[in-house]
Amino acid sequence: MVNGEDRRGWLWPVVAIAALVVAVLFVGWQVYETQQDSEIREGAVVRGVDIGGLEPEEAVTALEPVVEEVAETTIELQFIELQFQDQSVTVPATEFTAAELGVSLDTERILAEADNPAPTAVRPAAWLFDLFASREVSPAVTTDLGTLADTVDPYTDPETPRIELVDGSFRPIDSTDVPIPDMELLARRLEEAVLNNVGGRVVVEVPIRGMEPADPIAVARASALAAKANEITEGGVVLGLEGAAETFAIGELPLRQFIVLEGSQHNTRLGLDPRIVDTLASLFVGIGSAGLPATFGLDEAGEVTIAAGEAGFKCCDASAVGALLAGMVDDQPVITLPAAAAPHPQGREWAESLGIQQVVGEFTTPFRPGQDRIINIARISELTRGAIIEPGERFSVNDFVGQRTASKGFVPAAMILEGVFVDSVGGGISQYATTLFNAAFFAGLDFIEYQSHTIYLSRYPYGREATVSYPAPDLVIENNTPHGVMLWPTTGRDSITVKLYSTPWVLADQTDQWTRTVGTTCTRVTTERTRTYLTDGRTETDTVWAQYRPEGLKCDGSPSVTTTTTTTIPPEGTDGGEPQSGEESGWEQGETGTDTGDAGTDTSETGTDAGATESDSDETGSDSGEAGSGPQDSGTDDNAGAPQTSVTPAATAGGESP
């Protein structure tokens, strides 16, 4: 048996704990209520949108997706067939959006419901529920009766003429009485239907509260409108587009589907459903002009300029519907629709977004005046001047220029084929490739594919150069910056210069170079590049490489050529056949590939040489003043190289252009 003192002994701690719990709940409630003075109660969710804890203005913004969902609900209004005074009256069903009928989300009522406080008796503890649980607040909608009446009245107004399409022809709706909708009841039906299928499609029957006599003028007007609608659509129409030669037809029945009545009462007139714009656009899809893109250039001061280009055109201008209706009324045999301007996707806005502003890489290599090869160097410079490499994109010399042919302005000039000099259309353009290679080297761009000459020419930076042929080897550069890059090659009397324009992003310089012997006679040159990024100052290094051999020898010391060959110059206007245009033929398998940084043994460079050699009767040995120079490679540079990135092996059909 528990005595009184024992009972009091364990009762006091229980009472104290209970009092503490009540105090905590009360204090928490007070703090919560203070914070909730202007905010929506926590936990309120409307159709998946959490508005709890938001200010009313923030909650309204958060509910915009629900507002749009309600507004886009499709509603089909059905006017039932009416029997009134022995007269059958039918008004055709019509589709609208909720917004067109004046139905919208009632955000004010929703926010009031969301912020509705809990009952007084449980409020000290209800805040815990609000913090850790959600409350689904039912959406509410409201209807603007004025908007609803404006939309529905044309279908029931006794003074508005009405026509209908029956069995392919228009006829007047000759009723002596018209229904009078009950707008307030209709509004309630609409709200209920929308709430039950937000964003979907619903059917609502229009309630009728009586009938009223139709206006005799409206009845007569309906007859005239029906006759006119049949007249202007008879036989369909033939359509053309301003600026285009193509024509298309719309048949009689399809055309009549788009006839509508516009205006109201005695001002009702024939019109075309705006949705016919989609039909017109589908007829003329692909017809028009893309226009001309914006182009870059340089002014007399060497500053970058942008020419805006030219907008193209397409179907159709906003006035096309009116032009079509006017042409139907005038019975034009071919109705020409006004075209809409179609800005080129690479217009001025695109051009300005690339940030092409100043020189970020530049290099110059010399040549002796008066050689045929200079014509080819000047021609490929002209063809690629102004070429744009967008961020993340690549520039391929072969893809951009294509095969070098006489029809493109290239001439026969010296190339090396199996160690023998021959003439080939496009010979000499590897000097362009080497100059572009070095400009890209100092601009900090990435090299995807390249191949060096097999014999060193003193006018090029040692180990830092490239040759091209078609279809391979190729020179492929990748723009690894967030800005566009513009190529601007130019030729003078005795040199070619390639400038690359962009927004400064990285500084690049040659920081080391080393060599090693391959086989018994070849030399592999590896050149290190250090890139410093201007955004954060970080640096990274990569390498480019070249491999040289003595003229007429393979890497194992054996002769590269056993017979003398000659080549016929391709006739004017031909593609020249294979092997192709003025570059290097008989390249070594070990002369392209992936540079692993010269660590360990490179087995790709010790194999058998297929026999490529390179020489130039007036270019071997030392050419005074012919060493490459550039803005970041000032003066003469006889100790430079080519990149350490992945390259694609070239096809053996190409030649080597000195």
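The structure presented is a predicted model; accordingly, all values stated were derived computationally and were not measured. FYI, the numbering just counts along the sequence from 1.
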- [ ] Please check if the side chain of K408 supplies one atom and the backbone of R379 the other of a donor-acceptor pair under 3.5 Å.
- [x] no
- [ ] Ignoring hydrogens and angles, state whether a donor on the side chain of T527 or Q513 is under 3.5 Å from an acceptor on the partner side chain.
- [x] yes
- [ ] Give the C-alpha distance, both sets of side-chain angles, the deciding distance and a yes or no for side-chain contact (heavy atoms from CB on, under 4.5 Å) between T532 and V506.
- [x] CA-CA 5 Å; T532 303; V506 61; 5.5 Å; no
Open item on the list: Main chain of C555, side chain of T521: is a donor-acceptor contact present, judged purely on distance under 3.5 Å?
Closed with: yes
- [ ] Please examine the side chains of V411 and V425, heavy atoms only from C-beta on, and report whether any two atoms are closer than 4.5 Å.
- [x] no
TODO: Over all heavy atoms of both residues, which pair between A311 and P343 is shortest? Give the atoms and the distance, please.
DONE: CB-CA, 4.1 Å
Task: Side chain S282, main chain T279, donor-acceptor under 3.5 Å - done: yes
Open item on the list: Let's go through R531 and D446 carefully: what are the C-alpha distance in whole Å and the side-chain angles of both, what is the deciding distance for salt bridge (Lys or Arg N to Asp or Glu O under 4.0 Å) to 0.1 Å, and is it a yes or a no?
Closed with: CA-CA 11 Å; R531 292 185 281 193; D446 285 339; 2.7 Å; yes
Open item on the list: Under a 3.5 Å threshold, yes or no: a donor from one side chain and an acceptor from the other, between T435 and T365?
Closed with: yes
Task: Any F410 side-chain heavy atom under 4.5 Å of I429 side chain - done: yes
- [ ] Taking atom CD of E349 as the centre, report whether more than 12 heavy atoms of other residues, nucleotides or ligands fall under 6.0 Å from it.
- [x] no
Open item on the list: Is it true that T384 and Y432 share a donor-acceptor pair across their side chains at a distance under 3.5 Å?
Closed with: yes
- [ ] Please examine the side chains of T523 and V518, heavy atoms only from C-beta on, and report whether any two atoms are closer than 4.5 Å.
- [x] no
TODO: Answer yes or no on whether R404 is positioned over the face of Y470, meaning its NZ or CZ is under 6.0 Å from the six-membered ring centre and within 45° of the axis.
DONE: no
- [ ] Measure the shortest side-chain to side-chain distance between W505 and L534 over non-hydrogen atoms and say whether it is less than 4.5 angstrom.
- [x] no
- [ ] Return yes if a side-chain donor-acceptor contact under 3.5 Å exists between H344 and E310, otherwise no.
- [x] no
- [ ] Report yes if the side chains of V304 and F296 come closer than 4.5 Å at any heavy-atom pair, otherwise no.
- [x] yes
- [ ] Identify the heavy atoms of V334 and G240 that sit nearest to each other, and give their distance.
- [x] CG1-N, 4.1 Å
Task: Among R459, Q431, H453, the one residue meeting side-chain hydrogen bond (donor to acceptor under 3.5 Å, both in side chains) with E465 - done: H453
Task: Pair V476-F395, side-chain contact (heavy atoms from CB on, under 4.5 Å): steps then yes or no - done: CA-CA 6 Å; V476 182; F395 174 82; over 6 Å; no
TODO: Decide yes or no for P366 and D494: does some side-chain heavy atom of the first lie under 4.5 Å from some side-chain heavy atom of the second?
DONE: no
TODO: Hey, could you give me the CZ/OG distance between R373 and S430, rounded to the nearest 0.5 Å?
DONE: 9.0 Å
TODO: Just do the side-chain contact (heavy atoms from CB on, under 4.5 Å) check on D542 and T530 with the steps written out, would you?
DONE: CA-CA 7 Å; D542 63 354; T530 298; over 6 Å; no
Open item on the list: Restricting to non-hydrogen atoms, name the atom on L337 and the atom on C316 that form the minimum distance, rounded to 0.1 Å.
Closed with: CD1-SG, 3.9 Å
TODO: Grab the two heavy atoms, one from L475 and one from F447, that are nearest each other, plus how far apart they are.
DONE: CD1-CD2, 4.5 Å
Task: From CG (L457) to OG (S452), nearest 0.5 Å - done: 10.5 Å
Task: Rounded distance (nearest 0.5 Å) linking atom CG of N438 with atom OH of Y460 - done: 10.5 Å
Open item on the list: Please check: side-chain N/O of N376 versus main-chain N/O of G428, any donor-acceptor pairing under 3.5 Å?
Closed with: no
Open item on the list: Taking P489's backbone N and O only, do any of them form a donor-acceptor pair with R385's side chain (distance below 3.5 Å, no angle check)?
Closed with: yes
Task: From OG1 (T539) to CG (L507), nearest 0.5 Å - done: 11.5 Å
Task: Side-chain donor or acceptor of N398 paired with backbone N/O of G402 under 3.5 Å - done: no
- [ ] Without swapping roles, check the side chain of E362 against the backbone of V359 for a donor-acceptor pair under 3.5 Å.
- [x] no
TODO: Indicate yes or no for a side-chain donor-acceptor contact from S502 to the backbone of G484 under 3.5 Å, with no hydrogens or angles considered.
DONE: yes
Task: Donor-acceptor under 3.5 Å (T497 side chain, T490 main chain) - done: no
- [ ] Would you please indicate if the ring centroids of F437 and F363 are separated by under 6.0 Å?
- [x] no
Open item on the list: Testing I477, T503, N479 one by one against V485 for a side chain to side chain contact (heavy atoms under 4.5 Å, CB included), which residue passes?
Closed with: N479
Task: Verdict with reasoning, K554 to D556, per salt bridge (Lys or Arg N to Asp or Glu O under 4.0 Å) - done: CA-CA 5 Å; K554 300 179 182 180; D556 61 4; 5.9 Å; no
- [ ] Take Q547 and Y456 through the side-chain contact (heavy atoms from CB on, under 4.5 Å) test and state the conclusion after the steps.
- [x] CA-CA 9 Å; Q547 183 170 301; Y456 173 60; over 6 Å; no
Open item on the list: Side chains of E528 and T511 only: does a donor on one sit below 3.5 Å from an acceptor on the other?
Closed with: yes
TODO: Drop me the distance from L324's CG to I250's CD1, to the nearest 0.5 angstrom.
DONE: 6.5 Å
Open item on the list: Please tell me whether S396 and D474 have a donor and an acceptor in their side chains that are separated by less than 3.5 angstrom.
Closed with: yes
- [ ] Check whether any side-chain heavy atom of L445 lies under 4.5 Å from a side-chain heavy atom of L500, and answer yes or no.
- [x] yes
Task: Side-chain donor or acceptor of R348 paired with backbone N/O of I306 under 3.5 Å - done: yes
Open item on the list: Please report the interatomic distance CG(L239) to CD(E246), rounded to the nearest 0.5 Å.
Closed with: 13.0 Å
TODO: Please report the closest heavy-atom contact between T434 and A466, naming both atoms and the distance.
DONE: OG1-O, 2.8 Å
Task: Residue pair T336 / L241: nearest heavy atoms and the distance that separates them - done: CG2-C, 4.1 Å
Open item on the list: Under 3.5 Å, is there a donor on one side chain and an acceptor on the other for E390 and Q346?
Closed with: yes
Task: Side-chain touch M486/W488, heavy atoms, less than 4.5 angstrom - done: yes
